[in-house]
Amino acid sequence: MSETSLTLTRPDDWHIHFRDGEVMRAVVPETAAVYGRAIVMPNLVPPVTRADQAAAYRDRILAALPDGSSFQPLMTAYLTETTDPDNLAAGHAAGILTAVKLYPAGATTNSDAGVRDIRKVDAVLTRMAEIGMPLLVHGEVTDPEIDIFDREAVFIERILKPLMDRQPDLKIVLEHITTRQAAEFVPEGGANLAATITPHHLEINRTDLFRGGIRPHLYCLPIAKREEHRLAVRAAAVGTCNRFFLGTDSAPHPVHAKESACGCAGIYNVASALSVYASVFEAEGVLDRLEAFASLNGPRFYGLPVNADTVTLTKSGVNIADGLTAGTETIRPYHAGETLDWTLSD
Ligand code: DOR
Ligand code: ZN
């Protein structure tokens, strides 16, 4: 018998981009309506590199919440080759910083201040391992010789495995995985390695980026891969390894910046994400495992309690808006204008 209603512990989003200013004020309420907490990415311009900047950014996010919301933004610091380990440790101890984000310099949007030589951050990583502060990794090499579709798999071999050998006690989240190599490596990588999975990487492959013409709103980084990779990532999400969890990588950009001669990477998926995840678990016949992926595995890995309340999803249809207005800008949601199956009921 197919389910039409599902109640689960309130989920968290372990990877999101809120941006700042008007865009932040437009997108924060959408996330806060669904998730208990979210890990907030620090790739603002300029990036959020220090604890005091993260505290100020957190205050701006909290000010954008609707009255009565108990949503908690969990802040991250952007790792640079000059990051001060004492600043991170103090921010972590004060409850301001939850984790640190590694962007290889040049890998993606606003990553120029990121890390060029991973060995230059050894001391910071050692300190993070000591205090139990997770490292969140954008896992793509930036070597221009490496084909864009191979950058994640090569990152695992060239950067991640040696890093894990040097820092066996460091908790690492490989963010937004897109490949069979990542899906297979995480379960065998030990208790300190986890991965987030986006809704779009469960649904689209690289052919979808060009279906009937170029589809700028499906362009994100890491880019969608071949179908065999999508299937492997999907199997990981719905499987039994409890170190895979929900991270939307929702990354809003104005429509004009996506529909451009050089369109930028990022998919704004907040309104559709939970519905997509539910449909994927349903299609795989394991709707009962959605709660682990969405609500339990993340807190377990981060050493946080699970949310105390629940949400109920019903299979009654949800219309995804054509656009979200943020000041003078419009942001096009993932699945814009479509009706999806699962919706959050009040
Ligand atoms: O597609 C992406 N967009 N990937 C990232 O890693 C960054 C993000 C953004 O900030 O727009
Ligand atoms: Zn991201």
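Start at 1 and go down the list; that is how both ligands and their atoms are numbered. For this chain, numbers begin at 1 and follow the sequence in order.
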Asker: Counting only heavy atoms from other residues, nucleotides and ligands, does the tally under 6.0 Å from CZ of R116 exceed 12?
Answerer: no
Asker: Test ring-ring contact (aromatic ring centres under 6.0 Å, His included) on F244 and F293; report intermediate values, then the result.
Answerer: CA-CA 7 Å; F244 291 109; F293 177 79; 8.2 Å; no
Asker: Under 6.0 Å between ring centres: does that hold for Y302 and W14?
Answerer: yes
Asker: Against H253, only a single residue in E259, R19, K258, H217 fulfils side chain to side chain donor-acceptor pair (under 3.5 Å); can you say which?
Answerer: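 Between H253 and the candidates, side chain to side chain donor-acceptor pair (under 3.5 Å) is satisfied uniquely by R19.
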Asker: Hey, does the side chain of H229 reach the backbone of R180 with a donor-acceptor pair shorter than 3.5 angstrom?
Answerer: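 Yes; at least one donor-acceptor contact below 3.5 Å.
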Asker: Mind counting the protein N, O or S atoms sitting less than 2.8 Å from the Zn ion (ligand 2)?
Answerer: 3
Asker: Could you check whether H176 and H15 have their ring centres less than 6.0 Å apart?
Answerer: yes
Asker: Are E175 and ligand 1 in contact, using a heavy-atom cut-off of under 4.0 Å?
Answerer: no
Asker: So, does D341 use its side chain to make a donor-acceptor pair with the main chain of S316 at under 3.5 Å?
Answerer: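 No.
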Asker: Could you list which atoms of ligand 1 come closer than 4.0 Å to a heavy atom of H138?
Answerer: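 Those of ligand 1 that fall under 4.0 Å from H138 are 6 (O).
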Asker: Verify the distance criterion only: is there a donor paired with an acceptor across the side chains of T325 and E329 at less than 3.5 Å?
Answerer: no
Asker: Any nitrogen or oxygen of T108, side chain or backbone, less than 3.5 Å from one on ligand 1?
Answerer: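 Among all N and O atoms of T108, at least one is under 3.5 Å from an N or O of ligand 1.
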Asker: Answer yes or no: does an N/O atom from G266 fall short of 3.5 Å to an N/O atom of ligand 1?
Answerer: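 N/O-N/O distance below 3.5 Å exists for this pair.
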Asker: Going hydrophobic residue to hydrophobic residue with side-chain gaps under 4.5 angstrom, can you get from I214 over to I223?
Answerer: yes
Asker: Do R289 side-chain atoms and V238 backbone N/O form a donor-acceptor pair below 3.5 Å?
Answerer: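 Yes: the side chain of R289 pairs with the backbone of V238.
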Asker: Report yes if some N/O of Y219 lies less than 3.5 Å from some N/O of ligand 1; otherwise report no.
Answerer: no
Asker: Does N297 reach the main-chain N or O of R300 with its side chain, forming a donor-acceptor pair under 3.5 Å?
Answerer: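 Judged by distance alone, no pair lies under 3.5 Å.
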Asker: Under 4.0 Å from ligand 1, counting heavy atoms only, is it the side chain of N43, its backbone, both or neither?
Answerer: side chain
Asker: Number the atoms of ligand 1 from 1 as they appear, then name those within less than 4.0 Å of a heavy atom of C220, with their elements.
Answerer: 1 (O)
Asker: Side chains of Q53 and Y78: do they bring a donor and an acceptor to under 3.5 Å?
Answerer: no
Asker: Checking contacts here: is it the side chain or the backbone of H253 that comes within 4.0 Å of ligand 1, counting heavy atoms only? Could be both or neither.
Answerer: side chain
Asker: Quick check: L221 and ligand 1, any N/O pair under 3.5 Å apart?
Answerer: yes
Asker: In the protein, what heavy atom is nearest to atom 3 (N) of ligand 1, and what distance, to one decimal place, separates them?
Answerer: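 The closest one turns out to be A265 O, 3.0 Å.
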Asker: Go through ligand 1 atom by atom and flag the ones less than 4.0 Å from a non-hydrogen atom of A251.
Answerer: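 Close to A251: 3 (N), 8 (C), 9 (C), 11 (O).
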Asker: Determine whether any heavy atom of R19 lies closer than 4.0 Å to an atom of ligand 1.
Answerer: yes
